[in-house]
Amino acid sequence: MASGWDSRPPWRQGHLPLLLCLLLLLRSSAQAAHIKKAEATTTIAGAETDKGQFDHYYHEEELGSALREAAAAGPPGLARLFSIGSSVEGRPLWVLRLTAGLGLPSLNPDGFERAREGDCGVSDSGPPGSSGRDNSRGRDLNRSFPDQFSTGEPPALDDVPEVRALIDWIRRNKFVLSGNLHGGSVVASYPFDDSPEHKATGIYSKTSDDEVFKYLAKAYASNHPIMKTGAPHCPGDEDETFKDGITNGAHWYDVEGGMQDYNYVWANCFEITLELSCCKYPPASQLQQEWENNRESLITLIEKVHIGVKGFVKDLVTGSGLENATISVAGINHNITTGKFGDFHRLLVPGTYNITAVLTGYMPVTVNNIIVKEGPATEVNFSLRPTVTSVIPDSTEVKVTASTVAILNSSPGTQSSHQPIQPKDFHHHHFPDMEIFLRRFANEYPNITRLYSLGKSVESRELYVMEISDNPGVHEPGEPEFKYIGNMHGNEVVGRELLLNLIEYLCKNFGTDPEVTDLVHSTRIHLMPSMNPDGYEKAQEGDSISVIGRNNSNNFDLNRNFPDQFVQITDPAQPETIAVMSWMKAYPFVLSANLHGGSLVVNYPFDDDEQGLATYSKSPDDAIFQQIALSYSKENSQMFQGRPCKNMYPNEYFPHGITNGASWYNVPGGMQDWNYLQTNCFEVTIELGCVKYPFEKDLPKFWEQNRRSLIQFMKQVHQGVKGFVLDATDGRGILNATISVAEINHPVTTYKTGDYWRLLVPGTYKITASARGYNPVTKNVTVKSEGAIQVNFTLVRSSTDSNNESKKGKGDSTNADDASDPTTKEFETLIKDLSAENGLEDLMLRSSSNLALYRYHSYKDLSEFLRGLVMNYPHITNLTSLGQSAEYRHIWSLEISNKPNVSEPEEPKIRFVAGIHGNAPVGTELLLALAEFLCLNYKKNPAVTQLVDRTRIVVVPSLNPDGRERAQEKDCTSNTGQANARGKDLDTDFTNNASQPETKAIIENLIQKQDFSLSVALDGGSVLVTYPYDKPVQTVENKETLKHLASLYANNHPSMHMGQPSCPNKSDENIPGGVMRGAEWHSHLGSMKDYSVTYGHCPEITVYTSCCYFPSAAQLLSLWAENKKSLLSMLVEVHKGVHGFVKDKTGKPISKAVIVLNEGIKVHTKEGGFFHVLLAPGVHNINAIADGYQQQHSQVFVHHDAASSVVIVFDTDNRIFGLPRELVVTVSGATMSALILTACIIWCICSIKSNRHKDGFHRLRQHHDEYEDEIRMMSTGSKKSLLSHEFQDETDTEEETLYSSKH
């Protein structure tokens, strides 16, 4: 190693003329495909004579002039000079691009200007060679790159603009090969430059491409007269030697944050570091000799860019190049990706390779036995077939025949008589050994495997699952999913080893054995070797009958720990049980087996009965269970005989090696019954041998006895009926539709794309497909034994009739398709695509995500960051202050939209809020990353562009800036900074009497606007999502929708949905699905989400992003990776639910109408009559109320992957006191007439009495008889008058009525 403080400065300033000369040489010979060395020598010799390049060093101005002259001197289009950025002091970072390559003469021009010619690394003052080594801010550029083995925070890039510029340049270009020129020794150094141990020296830190790097380093060193000797004899290190003139970087000495490792780990580029001379800044008089020493080496290294393999990855259908496809080489754990046109160059040393091309949305292709020779690259092109998502047209009976498998990976000469490769790894695998085994096969067969974990055991061991599929990580519509689970009882180990053998068997035979290849192509297989890894570690080899290790570490039997149909299970649910139940609910498993030991038999449901007796407990699907059980036992001759353990259980007999579970013995709380009753999956329990933990020498025998059974059982997943249930309106699949078989009381349900699988024995069946809001359809189907029959169902929405009825006197309520707007249709298609399996992954793959998530932002930094976004993206951003904190810091709100600060009521509005607790700032950083991600990709990524154009996104990154300033990084449990400056927990202050300025700002300027469709709040302290309410309540309105939104976030997170945060302070915490009602997790009053739901009419979920409140900044990048998909899923989800428009019969929009959904949720129409509400998939009732209009009733069906539109048309309200106007007027008129008539009668009677008193006594004195006659006549006349009055018009005046009464 070179002597002094550090033998490798970041950039070799003293060799600028050498690199410049190389660029001139390349300019003059770049027309050739490969540089001809003899011609190059002649060319450069002339150049030296004419130009005199080696008589001095080029400083800033002269360097720029020389480069411009070089660029201008060549033929048009040959050379281009540009700068990738500037140094701290503003000097340009020049790059001269030629057709043969690119050269960057100086990444540290500021340091070069300070350095002194003749300084060979020993200085009288300061560390050796320190003058000019660092940039103008004292930063060593070759210690400033992100590092894969970093133990601390990633270096901040603000002080190293040179590094930031170079990283951006590397990310924009698909470089293949690179050389990093240094000084201080004479050696070629290759990655890795550091190791996880960070030992100062002596650790060989090998990359996956160690052979390639050694090859490249030797190519340079072998052409250098001094370097190839391996003995540079540098002053101070005269005894230092390097074999062949090359060294592994970390073995020489540890360099954390170096550029060559960054190129290899984070880009496609292979870079080596070249130490060119012992003296760091030799006198200019030595430059001619340095050029002579390095010329051949430099040219040779450039030529090596053409080794290995190269080619294109194209779409098989369109022929277009596929960007960002992954190129993986079997046995080398380092992938590269294709360029813009699908082009790739993969450096490899001579040899034979199997290479796979993979891209989301396409079937992977592997080409085997590719021979790479010394010299030009072998050309290999890939054509990938798009994943087929269309379904077979509706047919009552579509017979499925065995398809011909195109074996892309078959070696030449493969015949049908090929014998499959058998496993060779027969030994007991303890957990570390099993973990290495699983990782090895996941690494060696990345095109067909995916290793994932369901969570952790009690003792924090991973619950691993290996997926084997031709498209790992993706549910392909129409493809059934299968699982095996082993080692549920820790001391029953044969299943664990058989599944590891099965993994090896499937991987090694895929592409060569037709049976295995067909199975992997047609089935998504999940293999869980150990459900009880803790128990296994306690078990003992040779155990036959003991229970040591049977239970988990909490001493619970996991096969008595599942909810049971007949018995109340009182034992607490164990983490292993919860993880497996969540897994079974998340995947559409069709068939499964649970591998045990202690006998030799296949046991099928039910495992117990109502009386708890050992009696035959038949399931509705007893016939199919017997068939699939026999498919296993008949391939195992010893099992099929039915007398398994004569020495242990001489009287035990199982006809044909199968038994009903409860008939054998009663098992309450078993896993197989729970599978059948709670999911679509049919599971059996397979006892693999009488000895639970056999000796290692017997393991090959178990594989031989069971290998055919294991394969044949998996094939049973393709029996019965399969198909799709589709919506007749738009042809989309219907999620959770029910498939019922007459006379078999066990329905199954459809998955996301409407696909279903129903296991049945051969026979004729009446099968019905039904779904909420649709008319059911029934078909007669004949199932045969050759394979599953495909039967598709197309359902018509029943809500159409109710909509038609609603038009009759109740207003017009119809679906609005808006077929005239093609952009709307295009956006609807986008939402559907993003909602599909891996839709968001595809969006992320095709997006630029060059985000600098290496440090936390203080309040000042956050403010500057937000202002920077607005300055750089003014057309889509708007920054406002919602108010100020107690210490007068702004509470910033950033709007991202195509029309920021312009009201667009027809667009849904979503808000993201973080930092309500200042000691949990991860959410703040995630929202800043989300904002930058959207801005970076606007107008570059079509999906992001459409989302921004059609969504109003509001980001409030820090609600409690005062608390954030007090919090300390790496404080995982401290409450410092949780409250605001006045000591108030802001999440308890969201009330009508809010006392804090922060909460008032949010309430007044966000929540009370009542124009948001969804709110997502980010917090810390665990890994889960909570939904309203935080306050203790008996019932939760709209619980189904709130839980759906929370589950959507959790399910798009790689670990949250597993429900095991595994936080140090709550290691036993289990949260089913990663989702919980707020009050059940941490009950409190005055929360933001409760206020949002109650007063803002906006659903809000709270996401807890990490166990640690304030984790190290080094974790931010991984936290962003974990939450990115979930955050984007919220932007997609906000476009679903129900979009509505309310108007009257004239077409006038009605604002402030009340929309009541499912008799509970209330929203108001916005300006322009628009409303939007998120709802869980299914049928929902709508009541619309507006003053002066008749109340409207409607029903709408909400899809899981699209919005439902509804237009509500109001009639003017003709009701008075709730009754029809005509009835009220008629009754009022009749009532008035009756009142008038009654008044007249009373008046007449009073008048008669008055006349009798007035005239009667006078006549009485004269003629008593005449008086009697007159009275009779007057009485008769009055009656006639009254009779005539009854038929008079009701408009007669009182005077007219009186007159007719008198006469």
Report task. Would you sort out whether Arg867 and Glu864 count as a salt bridge (charged side-chain N to carboxylate O under 4.0 Å, His left out), showing the intermediate values? Result -> CA-CA 5 Å; Arg867 292 190 188 103; Glu864 291 176 354; 5.9 Å; no
Query raised in the report: With a cut-off of 6.0 Å (strictly less than), are more than 12 heavy atoms of other residues, nucleotides or ligands near NE2 of His1164?
Result: yes
Query - CG-CZ distance between Asp159 and Arg164, expressed to the nearest 0.5 angstrom - result: 10.0 Å
Query - Steps toward salt bridge (charged side-chain N to carboxylate O under 4.0 Å, His left out) verdict (Asp1011, Lys1166) - result: CA-CA 7 Å; Asp1011 58 351; Lys1166 306 174 188 177; over 6 Å; no
Query raised in the report: Going by atom types only, do His1084 and Asp987 share a side-chain donor-acceptor pair under 3.5 Å?
Result: yes
Requested in this report: With Ile910 as reference, evaluate Val1134, Val954, Val955 under the side chain to side chain contact (heavy atoms under 4.5 Å, CB included) test and give the passing residue.
Outcome: Val1134
Query raised in the report: SG-SG distance between Cys1107 and Cys972 under 2.5 Å?
Result: no
Query raised in the report: Between Arg911 and Glu1100, does a salt bridge (charged side-chain N to carboxylate O under 4.0 Å, His left out) hold up when you go through it step by step?
Result: CA-CA 9 Å; Arg911 68 172 179 262; Glu1100 179 170 295; 3.4 Å; yes
Query - Derivation and outcome, side-chain hydrogen bond (donor to acceptor under 3.5 Å, both in side chains), residues Ser995 and Asp989 - result: CA-CA 7 Å; Ser995 61; Asp989 193 52; 3.0 Å; yes
Requested in this report: Answer with yes or no whether the side chains of His1172 and Ser1013 bring together a donor and an acceptor at under 3.5 Å.
Outcome: yes
Query raised in the report: Is there side-chain contact between Ile891 and Ser881, with heavy atoms separated by less than 4.5 Å?
Result: no
Requested in this report: Answer with yes or no whether the side chains of Gln1008 and Tyr1091 bring together a donor and an acceptor at under 3.5 Å.
Outcome: yes
Query raised in the report: With sequence neighbours excluded, what pairs up with Thr1165 under the side chain to side chain donor-acceptor pair (under 3.5 Å) test?
Result: none
Query raised in the report: Are Glu998 and Asn980 linked by a side-chain donor-acceptor pair shorter than 3.5 Å?
Result: yes
Requested in this report: Check the angle between the aromatic planes of Phe865 and His857 and answer parallel, tilted or perpendicular using the 30° and 60° thresholds.
Outcome: perpendicular
Report summary line: To the nearest 0.5 Å, atom CD of Glu1122 lies from atom CD of Gln1115 at 9.0 Å
Requested in this report: Taking atom NZ of Lys1039 as the centre, report whether more than 12 heavy atoms of other residues, nucleotides or ligands fall under 6.0 Å from it.
Outcome: no
Report task. For residues Val1138 and Leu1175, determine if any side-chain heavy atom of one lies less than 4.5 Å from a side-chain heavy atom of the other. Result -> yes
Query raised in the report: Got more than 12 heavy atoms from elsewhere within 6.0 Å of CD, Gln148?
Result: yes
Query raised in the report: Which atom names give the shortest non-hydrogen contact between Ala886 and Asp962, and what distance separates them?
Result: N-OD2, 3.3 Å
Query - Whether Thr999 side chain and Gln996 backbone form a donor-acceptor pair below 3.5 Å - result: yes
Query raised in the report: Is Pro1111 close to Val922 at the side-chain level, that is, under 4.5 Å between some pair of heavy atoms?
Result: yes
Requested in this report: Apply side-chain hydrogen bond (donor to acceptor under 3.5 Å, both in side chains) to Ser897 and Lys909, showing your working.
Outcome: CA-CA 10 Å; Ser897 170; Lys909 195 172 181 181; over 6 Å; no
**Report entry** Gap separating the NZ atom of Lys832 from the NE2 atom of His1200, nearest 0.5 angstrom
**Finding:** 8.5 Å
Query raised in the report: Given side chains that start at C-beta, do those of Pro997 and Arg982 come closer than 4.5 Å, heavy atoms only?
Result: yes
Report task. Indicate, with yes or no, if the rings of His1135 and Phe827 have centres closer together than 6.0 Å. Result -> yes
Query - Working for salt bridge (charged side-chain N to carboxylate O under 4.0 Å, His left out), residues Arg1077 and Asp1030 - result: CA-CA 7 Å; Arg1077 184 161 60 92; Asp1030 285 323; over 6 Å; no
Requested in this report: Kindly assign one of parallel, tilted or perpendicular to the pair Tyr856 and Phe1110, based on the angle between their ring planes and the thresholds 30° and 60°.
Outcome: perpendicular
Report task. Check the surroundings of atom CD in Glu1167: do more than 12 heavy atoms from other residues, nucleotides or ligands lie under 6.0 Å from it? Result -> no
Requested in this report: Please report the shortest heavy-atom distance between Gly1021 and Cys1063, naming the atom on each side.
Outcome: O-SG, 4.2 Å
Requested in this report: Please determine if Arg966 and Glu887 form a salt bridge, counting it only when a charged side-chain N lies under 4.0 Å from a carboxylate O.
Outcome: yes
Report task. Show your reasoning for whether side-chain hydrogen bond (donor to acceptor under 3.5 Å, both in side chains) applies to Ser1204 and Lys1136. Result -> CA-CA 7 Å; Ser1204 297; Lys1136 301 177 189 176; over 6 Å; no
Report task. State, to 0.1 Å, how close Leu866 and Pro957 come at their nearest heavy-atom pair, and which atoms those are. Result -> CD1-CG, 4.0 Å
Report task. For the residue pair Ile84 and Asp168, establish whether any side-chain heavy-atom pair is separated by less than 4.5 Å. Result -> no
Query raised in the report: Say you draw a straight line from NZ of Lys1124 to CG of Leu1119; how long is it, rounded to the nearest 0.5 Å?
Result: 14.0 Å
Query raised in the report: Regarding Asp949 and Tyr938, is there a side-chain donor-to-acceptor distance under 3.5 Å anywhere?
Result: yes
Query - Pair Thr1041, Asn1038: side-chain N/O donor-acceptor within cut-off below 3.5 Å - result: yes
Requested in this report: Please tell me if the side chains of Ser958 and Trp892 come closer than 4.5 Å, counting only heavy atoms from C-beta onward.
Outcome: no
Query raised in the report: Hey, does Asn941 have a side-chain heavy atom less than 4.5 Å from the side chain of Phe933?
Result: no
Query raised in the report: Where do Asp985 and Gln978 land on the side-chain hydrogen bond (donor to acceptor under 3.5 Å, both in side chains) test, with the steps shown first?
Result: CA-CA 7 Å; Asp985 183 338; Gln978 181 182 51; 4.7 Å; no
Query - Beyond-backbone contact of Tyr1027 with Leu1045, side-chain heavy atoms, under 4.5 angstrom - result: no
**Report entry** Member of Tyr1109, Tyr1049, Trp1081 meeting the ring-ring contact (aromatic ring centres under 6.0 Å, His included) criterion with Tyr1104
**Finding:** Trp1081
